[in-house]
Number of protein chains: 4
Amino acid sequence: MGAVKPPSERMQRKRGKRIQEILTAAAELFGERGYDAVSLEHVAERLDVTKGSLYYYFSSKDELGTAAIETLGDEWTARLEELLDRTEGTPEVRLRALIHEHVTIAVNDYPAALRLFLMPREWPSAQRERIKELRRRHDALFRALIEEGLASGEFTVTSVDTVLQCMHAAMSQAPTWCGELPSAARGKAVDEVADTLMALVHIGR
Amino acid sequence: MGAVKPPSERMQRKRGKRIQEILTAAAELFGERGYDAVSLEHVAERLDVTKGSLYYYFSSKDELGTAAIETLGDEWTARLEELLDRTEGTPEVRLRALIHEHVTIAVNDYPAALRLFLMPREWPSAQRERIKELRRRHDALFRALIEEGLASGEFTVTSVDTVLQCMHAAMSQAPTWCGELPSAARGKAVDEVADTLMALVHIGR
Amino acid sequence: MGAVKPPSERMQRKRGKRIQEILTAAAELFGERGYDAVSLEHVAERLDVTKGSLYYYFSSKDELGTAAIETLGDEWTARLEELLDRTEGTPEVRLRALIHEHVTIAVNDYPAALRLFLMPREWPSAQRERIKELRRRHDALFRALIEEGLASGEFTVTSVDTVLQCMHAAMSQAPTWCGELPSAARGKAVDEVADTLMALVHIGR
Amino acid sequence: MGAVKPPSERMQRKRGKRIQEILTAAAELFGERGYDAVSLEHVAERLDVTKGSLYYYFSSKDELGTAAIETLGDEWTARLEELLDRTEGTPEVRLRALIHEHVTIAVNDYPAALRLFLMPREWPSAQRERIKELRRRHDALFRALIEEGLASGEFTVTSVDTVLQCMHAAMSQAPTWCGELPSAARGKAVDEVADTLMALVHIGR
DNA sequence: GATGAATGAGATTTCATTCAT
DNA sequence: AATGAATGAAATCTCATTCAT
């Protein structure tokens with residue numbers, strides 16, 4: 001009835017904020033229990049909202065899922081970039097810091113990660129591509145550092161791709177064992193993971 | 001008079017065989033698509049029976065699931081043990097062979113093992129313990145070799161536990177990337193994974 | 001900001017009303033055929049909705065069942081109380097009227113009440129207690145009248161409890177025989193039951 | 001293959017005995033939990049036999065059910081007849097003894113009764129008629145005594161049928177409350193029931 | 001006579017999705 | 001923007017019944 005008034009900018013912002021809230025809650029839940037095991041009811045409940053409301057923002061569970069991952073990935077990548085910005089030194093030093101930070105984030109904030117990142121198969125095919133893209137952006141940070149180290153002769157690897165995959169797998173998996181340790185022991189565990197994974201770029205000697 | 005005749009041994013064997021058939025089918029499916037994504041209908045279909053029949057052997061999906069994992073784990077471990085039996089050489093040689101075989105099995109036969117093995121969290125607590133036990137048996141093979149290599153001075157590590165976790169994570173994750181390669185390239189990819197992971201026991205130099 | 005708005009009172013009422021509709025339908029069915037013989041499909045059909053909808057209001061068949069019985073019991077008790085409100089006279093007169101009304105309700109409206117009320121054993125323990133409580137409230141009406149009559153010397157009994165049990169049993173059982181009579185004969189049959197049962201409070205003389 | 005040899009008499013007896021065992025177990029179970037709630041699995045389990053075996057003796061659950069009731073009813077009636085055979089005295093004395101015995105049997109042996117006897121509605125219509133017939137035979141014992149007492153002027157009733165119904169209802173219901181008493185108190189409770197029910201044949205005075 | 005195995009129909013339950021308000 | 005209500009498809013589970021051995 002009458003002209004549909006275009007959403008004011010303020011409204012847009014508000015909407016954006018609500019969406020972020022939803023995505024955060026969703027990412028947490030998917031991360032805790034896996035995509036299949038989380039119902040929209042669960043998501044809604046955590047937000048103190050009804051199932052139906054979610055459809056105002058997302059047109060399907062799949063879409064919500066993908067968006068949740070994307071958010072999570074963006075945030076994660078942003079934090080890693082920030083770290084690199086404030087860390088100086090050789091590729092060795094910086095790569096180790098990056099690994100350490102990645103694991104820390106995984107353990108503290110996204111026990112999620114494994115289920116979300118590492119299992120594109122679990123996702124409907126429409127979503128898979130976007131998840132891979134996300135992964136590429138994320139990997140780029142590590143890849144750049146490794147190549148820098150290779151160029152300078154500090155690092156040796158069999159194959160950059162393989163190293164990246166192994167590194168990523170181990171880092172994302174970390175929460176499932178570090179997460180169970182008493183928090184006192186966690187710091188040390190994370191350090192050990194970082195030290196251990198650095199070996200991957202010092203192959204064959 | 002009234003003596004209840006216990007099932008004959010032959011019957012017992014037959015039953016056991018049927019159960020193994022079911023478990024194999026289930027393990028394959030769970031391994032391919034993950035627990036949640038597989039319905040009893042799927043399992044039944046692969047066996048050419050009706051859903052209901054499965055309940056003659058297992059009293060719930062959970063029970064079937066746990067048993068299937070156990071089977072899968074047993075089989076896997078058995079294949080690794082076999083490999084070790086027929087492989088001679090230094091710990092270095094044998095560990096590399098073990099990794100190679102593990103990844104090969106993962107890629108060829110159990111692409112979704114990741115979801116089953118690495119995520120005890122998503123299982124009802126009754127099952128969790130049994131899965132962890134399975135994991136321990138599996139890890140034992142790697143652990144023994146690593147310790148042997150450490151004793152002989154061939155290997156250096158930061159922490160055996162950490163190495164095991166990282167190795168396991170990377171190996172189980174392998175199917176998600178190697179699996180997508182054209183089969184021609186797969187062999188090389190698996191080799192590279194093995195070479196790369198061997199670095200984990202040659203830390204710090 | 002983020003204030004969760006509680007469901008409006010009007011909505012609450014509406015929901016309550018819907019629940020009552022469901023409970024009434026369920027109580028009727030359970031009362032007619034017994035708990036086991038009624039499927040949620042039946043209940044849904046009578047309400048012209050789908051099975052699934054019922055789960056929006058009740059989280060299981062058991063829960064619906066218990067609530068339905070409670071409703072049935074409340075209604076029944078209420079009708080008896082109403083009757084007492086409008087009936088004057090000696091305990092003798094009023095007790096007879098009460099019995100008569102009870103049997104009438106049983107025969108006309110809840111032919112299967114027997115199965116619901118008299119057999120707490122078949123209910124899960126959670127429900128049993130609530131059913132017993134219901135029964136107590138119901139019995140209280142009869143008990144009060146009987147004790148009044150005893151006090152005034154009009155009645156004689158061996159044991160109030162025993163009389164109550166026998167009375168209740170016979171009244172609830174009535175539908176299984178009165179219900180089969182042609183409706184013309186029913187009135188007389190109910191009268192006879194009432195007269196007969198009054199003998200229970202005139203023991204020994 | 002060859003002539004089917006007619007079952008020897010010995011076999012017949014053996015068969016009969018087996019059938020009785022089954023019927024007893026079935027009657028107990030139906031009595032404890034109700035017809036619907038008992039599965040053939042339950043019955044078979046109690047007999048240490050497999051479900052399938054029951055079909056050798058009975059062609060359906062319904063048939064087993066009806067036969068079970070019939071057995072139970074026959075046995076019950078026989079025990080009551082026995083009692084009457086050895087009890088002398090006025091109708092008053094004998095009727096009271098009969099009631100007492102009936103309740104005793106109900107409480108001790110067939111908490112069953114209520115669900116089996118009093119609820120023809122719960123049974124498929126084919127069975128209903130046979131159950132009613134059974135009930136008639138059973139009632140006949142009481143009816144004869146009551147009529148004797150009426151003839152001699154000892155008893156007064158409104159309607160023999162009604163008295164029988166009420167009596168039967170209360171007697172069969174007895175286990176649900178007497179059964180819960182500590183066994184010490186049970187004897188007294190049964191006595192009270194008998195005394196109370198005797199009032200039904202001394203109406204109006 | 002009895003068993004193990006299988007079936008198929010139906011019951012309970014879950015959940016993504018839609019929609020009127 | 002959000003809610004309460006409802007739907008329908010699919011999943012898990014139960015059970016009377018059949019049958020080859």
Side-chain angles (χ1 to χ4, degrees), chain A residues 7 11 14-15 18 36-44 47-65, chain B residues 4-8 10-12 14-15 18 36-44 47-62 64, chain C residues 4-8 10-12 14-15 18 36-44 47-62 64, chain D residues 7 11 14-15 18 36-44 47-65:
Chain A
M11 275 306 177
K14 205 164 157 192
R15 177 181 169 90
R18 194 82 185 99
D36 287 312
V38 170
S39 79
L40 290 188
E41 191 74 52
H42 293 322
V43 179
L47 288 160
D48 255 319
V49 165
T50 45
K51 254 192 304 190
S53 307
L54 300 177
Y55 282 84
Y56 183 75
Y57 299 98
F58 302 93
S59 64
S60 73
K61 189 189 177 186
D62 271 4
E63 200 181 293
L64 170 57
Chain B
V4 183
K5 101 177 112 175
S8 78
R10 197 174 124 274
M11 274 304 175
Q12 279 289 53
K14 208 163 159 188
R15 180 181 173 91
R18 192 83 181 100
D36 288 310
V38 172
S39 80
L40 292 189
E41 185 76 47
H42 294 321
V43 180
L47 289 161
D48 250 318
V49 285
T50 43
K51 275 177 296 183
S53 305
L54 300 177
Y55 283 86
Y56 183 69
Y57 299 96
F58 300 93
S59 63
S60 73
K61 189 188 176 185
D62 258 16
L64 170 58
Chain C
V4 183
K5 106 176 107 170
S8 80
R10 197 174 122 276
M11 272 305 174
Q12 279 287 52
K14 208 164 160 188
R15 180 182 173 89
R18 192 80 181 101
D36 288 311
V38 172
S39 81
L40 291 188
E41 184 77 46
H42 293 322
V43 179
L47 288 160
D48 250 317
V49 286
T50 43
K51 275 176 296 183
S53 305
L54 300 176
Y55 283 84
Y56 183 69
Y57 298 97
F58 300 93
S59 63
S60 72
K61 190 188 175 185
D62 259 15
L64 171 56
Chain D
M11 275 307 179
K14 205 165 158 193
R15 177 182 169 89
R18 194 82 185 97
D36 287 313
V38 171
S39 78
L40 290 189
E41 191 74 50
H42 293 322
V43 179
L47 288 160
D48 255 319
V49 164
T50 45
K51 253 193 303 190
S53 307
L54 299 178
Y55 281 85
Y56 182 74
Y57 299 98
F58 302 94
S59 66
S60 73
K61 188 188 177 186
D62 271 4
E63 201 182 291
L64 170 57

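Note: hydrogens, waters and symmetry copies are ignored here, and every other heavy atom, side chains too, is used. Being a predicted model, the structure only gives us computed values, none of them experimental. Here is how names work: the chains are called A, B, and so on, in the same order as the sequence lines, proteins then strands, and each is numbered from 1.
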Between [atom2] on [N] and [atom1] on [X], what's the gap in Å once rounded to a whole number?
{"X": "A:Y57", "N": "E:dA16", "atom1": "OH", "atom2": "P", "answer": "19 Å"}
{"X": "B:D48", "N": "E:dA6", "atom1": "CG", "atom2": "P", "answer": "11 Å"}
{"X": "C:E41", "N": "E:dA9", "atom1": "CD", "atom2": "P", "answer": "16 Å"}
{"X": "D:L47", "N": "E:dA2", "atom1": "CG", "atom2": "P", "answer": "11 Å"}
{"X": "A:L64", "N": "E:dC15", "atom1": "CG", "atom2": "C1'", "answer": "14 Å"}
{"X": "A:L54", "N": "F:dA2", "atom1": "CG", "atom2": "P", "answer": "10 Å"}
{"X": "B:K14", "N": "E:dA5", "atom1": "NZ", "atom2": "C1'", "answer": "9 Å"}
{"X": "B:Q12", "N": "E:dG4", "atom1": "CD", "atom2": "C1'", "answer": "11 Å"}

Open item on the list: Given 3.5 Å as the limit, does a donor-acceptor pair link the side chain of C:K51 with the main chain of C:S39, or not?
Closed with: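 Flag not set: sc C:K51 to bb C:S39 has no pair under 3.5 Å.
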Polar pairs (N or O, both sides) under 3.5 Å between protein and nucleotides 17-21 of chain E?
unit_1, atom_1, unit_2, atom_2, d
E:dT17, OP2, A:Y55, OH, 2.9
E:dT17, OP2, A:K61, N, 2.8
E:dT17, O5', A:Y55, OH, 3.3
E:dT17, O4, A:K51, NZ, 3.4

Task: Nearest to side-chain heavy atoms of A:V49, which nucleotide of F:dT12, E:dA5, F:dT3 - done: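 Minimum distance to the A:V49 side chain belongs to F:dT3.
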Please determine whether a side-chain nitrogen or oxygen atom of [X] lies at a distance below 4.0 Å from atom OP1 or OP2 of [N].
{"X": "B:R18", "N": "E:dA6", "value": "yes"}
{"X": "C:Y56", "N": "F:dA6", "value": "no"}
{"X": "B:R15", "N": "E:dA5", "value": "yes"}

Open item on the list: Between A:A37 and C:V38, which residue's closest nucleotide on DNA chain E lies nearer the 5′ terminus?
Closed with: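 Per heavy-atom nearest nucleotide, the more 5' residue is C:V38.
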- [ ] For DNA chain E, list all stems, counting runs of three or more consecutive pairs where every pair is Watson-Crick or G-U wobble with both distances under 3.5 Å.
- [x]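 DNA chain E stems, ordered by first number: E:2-21 with F:2-21.
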TODO: Measure the OG-CZ distance between B:S53 and B:R18 for me, rounded to the nearest 0.5 Å.
DONE: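 That separation rounds to 8.0 Å.
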TODO: Have a look at D:V43 and say if it touches a base, only the backbone sugar-phosphate, or nothing, with a 4.0 Å heavy-atom cut-off.
DONE: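 D:V43: no heavy atom of the nucleic acid under 4.0 Å.
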